[in-house]
There are 2 protein chains.
Amino acid sequence: MDNTKTIAALAALAQATRLETFRLLVSNEPDGIAAGELARLIGVPSNTMSAHLSTLSQAGLVKGERHSRSIIYRADLDVLRDVTLYLLKDCCGGNASLCAPLIDELSPCCPPNTRPQVDA
Amino acid sequence: MDNTKTIAALAALAQATRLETFRLLVSNEPDGIAAGELARLIGVPSNTMSAHLSTLSQAGLVKGERHSRSIIYRADLDVLRDVTLYLLKDCCGGNASLCAPLIDELSPCCPPNTRPQVDA
DNA sequence: TCCATATATCCAGAATAATGGAAATTAGTT
DNA sequence: AACTAATTTCCATTATTCTGGATATATGGA
């Protein structure tokens, strides 16, 4: 996780429509939501949503997979975890060893595709 | 932590100079660094640095305190922690109980003013 | 008070990002 | 092939952000 990737992820999330979209996708893991339905749910035109999804996708925060005519988007929590770790890395006075246990526990929290499905 | 505050914090960090500045301040806790020295270290004019510090400050990520003629800036990790929690809140399929233990452990990691000082 | 230092504010130009209409692409259906 | 549906790309307009010179404000010293 370098500076450039971190900035891309932070910038992708630092916009109302995209943050809302990402959080919606996070809470709809692992089912995902189609691009058109996202546009309808958030209340923006489909081309605007497409542009935002492209930004999120380029930052690695979401992945799209075609299912017949729709493209189902899903949140990818790996980058979110990496950004969190990157920002916390220098925490606690630069002494990483104090944060290491925390970071170790953060890592297994959200591995993709292994989360229990609670509801859709 | 609402959407607006989260976006402000993410946007503040989603810029190369500010991310670098913030990380520098994080690793220099709890001593802090004067505005002018930050400008010199990062390599930007003082008024540009001042504008960036203002953005970080408005997002609650740094605090400035005047010491004689200088204003010493320090990272405030509370907001960083809150943003992290906000982003992780919907993790794990929307089942907060799975993330709650993690979140509980994240909270005491970086309380301000209680971090051990390793070096300046 | 006068001067030097440190930081912030004002302002304007340049760069970047957001938005959405129109058209193009991709996939399924008949 | 012709048609519909879903999504994306193209493009131009508008809005926002970044940057830094010039100026203003605040502090301490002579």
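Chain A is the first sequence line, chain B the second, and so forth, proteins listed ahead of strands; every chain is numbered from 1. Just so we're clear, the structure is a prediction, and the values are computed from it rather than from any experiment. All values below come from the heavy atoms of this structure, side chains included, with hydrogens, waters and symmetry mates left out.
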Considering only heavy atoms from C-beta outward, does the side chain of V83(A) approach that of M1(A) to under 4.5 Å? yes
For a 4.5 angstrom cut-off between non-hydrogen side-chain atoms, does K63(A) reach S57(A)?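 Side-chain contact under 4.5 Å: no.
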If you check the [X] side chain, which of [options] turns out closest?
| X | options | value |
| --- | --- | --- |
| A34(A) | dG20(D), dG28(D), dT7(D) | dT7(D) |
| T17(A) | dG20(D), dT7(D), dT19(C) | dT19(C) |
| R69(B) | dT8(D), dG20(D), dG28(D) | dG28(D) |
| S46(A) | dT8(D), dA4(C), dT19(C) | dT8(D) |

Just to be sure I understand the rule, does S70(B) reach a base, reach only the sugar-phosphate, or reach nothing, if contact means heavy atoms closer than 4.0 Å? sugar-phosphate
May I ask you to say what R40(B) touches in the nucleic acid, namely base, sugar-phosphate or nothing, with a heavy-atom cut-off under 4.0 Å?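 If one applies the 4.0 Å heavy-atom cut-off, R40(B) turns out to touch nothing in the nucleic acid.
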Would you kindly give the [atom1]-to-[atom2] distance between [X] and [N], to the nearest whole Å?
| X | N | atom1 | atom2 | value |
| --- | --- | --- | --- | --- |
| I7(A) | dC18(D) | CD1 | C1' | 13 Å |
| I72(B) | dT5(C) | CD1 | P | 18 Å |
| I33(B) | dT7(C) | CD1 | P | 12 Å |
| E65(B) | dT7(C) | CD | C1' | 15 Å |
| H67(A) | dT26(C) | NE2 | P | 19 Å |
| L53(B) | dA6(C) | CG | C1' | 13 Å |
| L19(A) | dA18(C) | CG | P | 13 Å |
| I42(A) | dG20(C) | CD1 | P | 13 Å |

N/O (side chain, [X]) to phosphate O (OP1/OP2, [N]) under 4.0 Å:
| X | N | result |
| --- | --- | --- |
| H52(B) | dT19(D) | yes |
| Y73(B) | dA6(C) | no |
| S50(B) | dA8(C) | yes |
| Q15(B) | dT19(D) | yes |

For I71(B) and for N47(A), find the nucleotide of DNA chain C with the closest heavy atom, then tell me which residue's nucleotide is more 5'.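 Here I71(B) is the residue nearer the 5' end.
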Specify the residue among S68(A) and V44(A) whose closest nucleotide of DNA chain C lies further upstream toward the 5′ end.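 Per heavy-atom nearest nucleotide, the more 5' residue is V44(A).
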Distance check, rounded to the nearest 0.5 Å: L25(A) atom CG versus E20(A) atom CD?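 Result: 11.0 Å between the selected atoms.
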Distance check, rounded to the nearest 0.5 Å: Y86(B) atom OH versus L13(A) atom CG?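 If we round to the nearest 0.5 Å, Y86(B):OH and L13(A):CG are 11.0 Å apart.
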base_contact_polar (dT26(C) base, R66(A) side chain, donor-acceptor, <3.5 Å): no
First encountered from the 5' end of DNA chain D, between T48(A) and P45(B): T48(A)
Go through it in stages, so that I can follow the logic: the residues are I72(A) and R66(A), the test is side chain to side chain contact (heavy atoms under 4.5 Å, CB included), and I'd like the CA-CA distance, side-chain angles, deciding distance and then a yes or no. CA-CA 6 Å; I72(A) 307 295; R66(A) 183 176 280 277; over 6 Å; no
Can you tell which of S50(A), P45(A), S46(A) makes a side chain to side chain contact (heavy atoms under 4.5 Å, CB included) with T48(A)?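 Among S50(A), P45(A), S46(A), the one that satisfies the side chain to side chain contact (heavy atoms under 4.5 Å, CB included) with T48(A) is P45(A).
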